[in-house]
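In what follows, a structure is listed as structure tokens, so that the remarks can point back to it.
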Amino acid sequence: MASTKPKKKNPRLASGRKRVRQDIKLNAANTSLRSKYRTAVKNVEKAVAAGDKAKATEAFARAQSVVDAVADKGIFHKNKASRDKSRLAAKVKALALADKAAA
């Protein structure tokens, strides 16, 4: 079934048209940063799941800078970024402790 969503009207004022152009660019930039954030977090989680301590530590170091950069730009709230970093750090630390316990 086709959706019957009403079409958006183009703004009449020049300032409104400019705002639309700016919003499109900003939306693309934000989407890219959000994707980068998710990828960085996913890379750490994959390394932890694989049990690769060195790779997980390296990925976590890279993820920290990406998470901070995204939070500074306001894509995500600083508390969310902090919470995600904390959880990732705990996973990496647990992996390191499990490595030591097994050895």
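The chain is numbered in sequence order, starting from 1.
Side chain of Arg17 to backbone of Arg12: a donor-acceptor contact under 3.5 angstrom is found. A donor-acceptor pair is defined here as one N or O able to donate and one able to accept, closer than 3.5 Å; no such pair exists between the side chain of Ser86 and the backbone of Ser82.
Around CG of Asp23, the count of heavy atoms belonging to other residues, nucleotides or ligands within 6.0 Å exceeds 12.
Contacts classified as salt bridge (Lys or Arg N to Asp or Glu O under 4.0 Å) and involving residues 35-56 (residues at least two apart or in different chains) are given here: Glu45-Lys91.
In this structure, Lys80 NZ and Arg83 CZ are separated by 5.5 Å, a value rounded to the nearest 0.5 Å. From Ser35, atom OG reaches atom CD1 of Ile75 across 12.0 Å, with rounding to the nearest 0.5 Å.
The salt bridge (charged side-chain N to carboxylate O under 4.0 Å, His left out) test applied to Lys78 returns Asp72, not counting sequence neighbours.
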Quiz prompt | Residues Val44, Arg62; criterion side-chain contact (heavy atoms from CB on, under 4.5 Å); working and verdict | solution = CA-CA 9 Å; Val44 176; Arg62 261 188 269 117; over 6 Å; no

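Annotation: side chain of Arg19 is in contact with side chain of Gln22 (closest heavy-atom distance under 4.5 Å). Looking at Leu33 and Lys73, their side chains come closer than 4.5 Å, going by heavy atoms from C-beta outward. Considering only heavy atoms from C-beta on, Asp68 comes within 4.5 Å of Lys85 through its side chain.
Under the side-chain contact (heavy atoms from CB on, under 4.5 Å) test applied with Val67, the options Tyr37, Phe76, Phe60 reduce to a single match, Tyr37.
No side-chain N or O of Asn43 forms a donor-acceptor pair with one of Thr39 less than 3.5 Å apart.
When all heavy atoms of Ala47 and Leu95 are compared, the closest pair comes out as O-CD2, 4.4 Å.
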